[in-house]
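Read the numbers this way: they start at 1 and go in the same order the structure lists the ligands and their atoms.
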Amino acid sequence: MPIRVAQYSGFCVGVRNALETARRAAEAAREKQIGAYCLGELIHNRFAVEELERAGVRTVESIDGIPEGQAVILRSHGVPPETLEECQRRKLTVFDCTCSYVAALHRIVQKAAQEDMPVILVGEMGHPEISATAGWCFKSLREGNRERRVPGRCVIVSSVQDAERIPDMPRALAVAQTTLPLDTWERVTEALERRVGALVRERTICGATARRQAEAMKLAGECDCMIVVGSRTSANTRRLYETCAGICPRTCLAESAADIPPGFCDIRKDSIGLAAGASTPDWLLKEVVTRMNDTEKDILENVQEAKEAAQEAVEEVKEAAETAQEAVTETAEAAQEAVEAVKEEAAEAEKPALTEEEQRKQDFLADVEKSFVRIHNGQTLTGKVVQTTDDEVFVSLGYKSDGILKRDDLVDKDAKPGDEIEVEVVKVNDGEGNVILSQRNIINRKVWDALVEKFEKGEYVEAVGKEAVKGGLIATCDGVRAFVPASRLALHYVEKIGQFVGQTMKLKIIDVDRQKKRIVASRKDVLIEESAAKKAAAWEKLEEGAVVKGIVRRFADFGAFVDLGGVDGLIHVTDLSWGRVNKPSDILSTNQEVEVKILSLDPERERIQLGYKQLQPKPWDNIEEKYPVGIVLERPVVRIRTFGAFVELEPGVDGLVHISQCALTRVGKVEDVLSVGQMVRVKVLNVDPEAKRISLSIREVLADEAMEAPMVDDIPGEIEEAPAEEAAEAPAEEAQE
Ligand code: F3S
């Protein structure tokens with residue numbers, strides 16, 4: 001019977017957003033070379049949490065476990081305001097995954113507290129969402145410039161009994177945990193109405209939860225068995241299970257396909273419903289469906305196998321009967337032969353005595369008979385090809401009759417008379433006195449033995465994908481069938497298994513069925529081991545201070561990532577050039593081979609810091625020789641400040657044209673005569689290599705040019721000397737830029 005999956009199953013929008021944000025956070029943290037931490041498990045599903053761990057997200061129970069300056073992921077349950085403040089104090093980069101339903105709940109509670117309205121939270125005591133929401137129940141008071149928080153009145157009730165125990169109140173606001181079952185909300189608020197004079201009911205149950213429960217209840221009422229897929233630690237899943245179990249007694253809670261008890265349901269007879277909690281990944285749901293369908297397939301296969309086994313047993317009985325018949329025949333023949341022999345002996349006795357020659361001949365024949373080898377079924381021996389036809393090859397085994405090898409069973413296709421070949425005796429006597437041989441049986445056995453040996457040693461095998469089936473891929477390794485489960489095909493979930501058909505791949509055998517001669521193999525294990533080995537080999541070669549070659553793979557705002565042959569290192573933007581860098585791609589390009597210096601290694605966090613500029617000449621070396629006092633150069637203005645303009649002499653070396661040196665006449669504002677990007681002719685006035693300062697002048701260049709210019713009587717405007725103290729006004733750090 002087809003399996004029915006509840007329409008609203010698997011990740012809700014809040015969980016999906018949280019996972020996407022967490023993946024983005026992991027990526028951003030990796031690029032910034034900081035750690036990514038999740039405050040509590042992101043979702044109640046160990047598979048998803050493990051996936052995030054592999055992406056570099058560490059789960060911590062308290063904010064105290066997060067060092068300053070790192071990235072923190074706040075899960076969909078939300079956090080109290082104190083936690084947000086603590087994040088600020090610790091300078092953490094916050095990735096807030098608080099679900100919008102939960103955030104709305106916080107706002108409602110805070111507004112009520114601000115208006116002095118007591119708040120009753122209906123939900124699970126100790127659940128992180130309830131604890132965080134209680135933190136938002138405060139009244140904010142202004143005291144001058146400061147804000148002070150006064151805790152509001154907040155009561156948490158989980159059941160009707162809790163509701164009946166609260167003290168009487170004139171008025172209160174009741175709100176629900178977003179994943180609270182509808183009927184619990186109705187029952188608890190009914191009880192609350194008896195204790196509270198004016199109860200305002202704000203049903204804050206999220207739409208996804210309500211729809212999920214309604215759909216699961218409907219399915220549970222229509223199916224023979226229900227399977228709720230999800231984690232036992234998820235309140236949402238547990239409630240879904242309890243809701244379904246209350247309607248359908250044959251309900252089970254399974255974290256994965258392996259948790260479904262054997263014999264729980266019969267897919268051929270029972271109608272089966274499947275529902276999943278909000279924190280259950282889609283692929284887990286698919287795996288359960290696949291597994292259930294495979295179970296049906298297995299049952300059918302088992303029936304088929306049982307039929308085949310029965311058929312084989314019949315054949316074996318027949319064979320045994322034939323063998324017995326042969327034995328009877330042989331015995332009868334032997335008896336007959338014995339009788340004949342006795343008769344012959346009697347006749348012989350009656351015969352006149354043999355001549356010497358006749359006796360020699362007889363002894364010779366007896367010796368020949370004795371020289372024949374003895375053979376049995378299943379024996380492997382070496383024979384000599386004596387004759388070949390289109391269909392058969394005849395092999396001499398030293399037995400009284402030659403063996404027959406059908407071409408289909410021949411592996412040495414070029415066998416010719418005189419060649420020695422290895423054969424297996426399939427039947428000593430096929431009923432007509434022929435010995436039946438096979439070479440293929442030997443090869444098959446050898447191949448199988450070699451595969452089993454590789455399995456025991458953990459070695460890889462080469463296989464070719466043959467057929468996509470439900471739950472995985474059928475591949476062949478040297479002619480032997482291998483099953484690769486879908487979850488073992490790649491590092492991530494594979495949507496289209498068909499893409500592997502016809503593909504040659506390396507596999508690791510993970511299970512062997514010696515009786516059925518079947519193997520189960522994994523491509524994922526190979527990929528994981530290969531990547532780990534590649535990384536380890538790359539790390540072995542790395543050494544702080546060493547100069548290595550790598551390929552630029554990608555850019556981020558803060559630097560460039562370089563592939564060092566299995567591991568990536570980061571050249572931070574400040575280590576790209578001695579000069580100012582607008583963006584890393586101005587200095588390097590993708591796939592460019594670069595030589596870099598390893599500045600630091602952190603194997604634990606898998607971080608490699610590289611330097612590119614460290615291998616480039618320093619621009620301030622020999623600066624006085626490059627820019628002697630008095631030299632005139634044409635260079636661009638790169639920055640303008642109130643005290644002057646900076647002119648770039650070369651990347652990493654800027655000189656200052658003080659405002660008094662910007663023009664022949666007095667200048668009010670630097671911008672009146674110069675603009676960024678403008679090419680200007682400057683004269684070097686002074687070079688200070690220690691302080692890394694170069695003073696330049698435009699005015700002197702203009703004055704020199706005016707003096708040299710013919711036909712000029714006077715210089716327009718009034719030339720003023722720059723006051724010494726004005727020149728000294730340029731802030732030191734600006735001048736050093
Ligand atoms: Fe949000 Fe509802 Fe999911 S509250 S996290 S959408 S179950």
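In terms of modelled atom types and a separation under 3.5 Å, the side chain of Glu86 and the main chain of Ile63 share no donor-acceptor contact.
Checking Cys225, Cys265, Pro261 one by one against Cys252, the side-chain contact (heavy atoms from CB on, under 4.5 Å) holds for a single residue, Pro261.
More than 12 non-hydrogen atoms from other residues, nucleotides or ligands lie less than 6.0 angstrom from CG of Asp602. Other residues, nucleotides and ligands contribute at most 12 non-hydrogen atoms within 6.0 Å of the CE atom of Met217. Counting non-hydrogen atoms of other residues, nucleotides and ligands closer than 6.0 Å to NZ of Lys139 gives a total above 12.
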What pairs of donor and acceptor atoms, side-chain ones from residues 31-42 against any protein atom, are under 3.5 angstrom apart with sequence neighbours left out?
from  : atom 1 : to     : atom 2 : distance (Å)
Glu31 : OE2    : Arg554 : NH1    : 3.2

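Atoms of the protein (N, O or S only) found under 2.8 Å from atom 1 (Fe) of ligand 1 are Cys99 SG.
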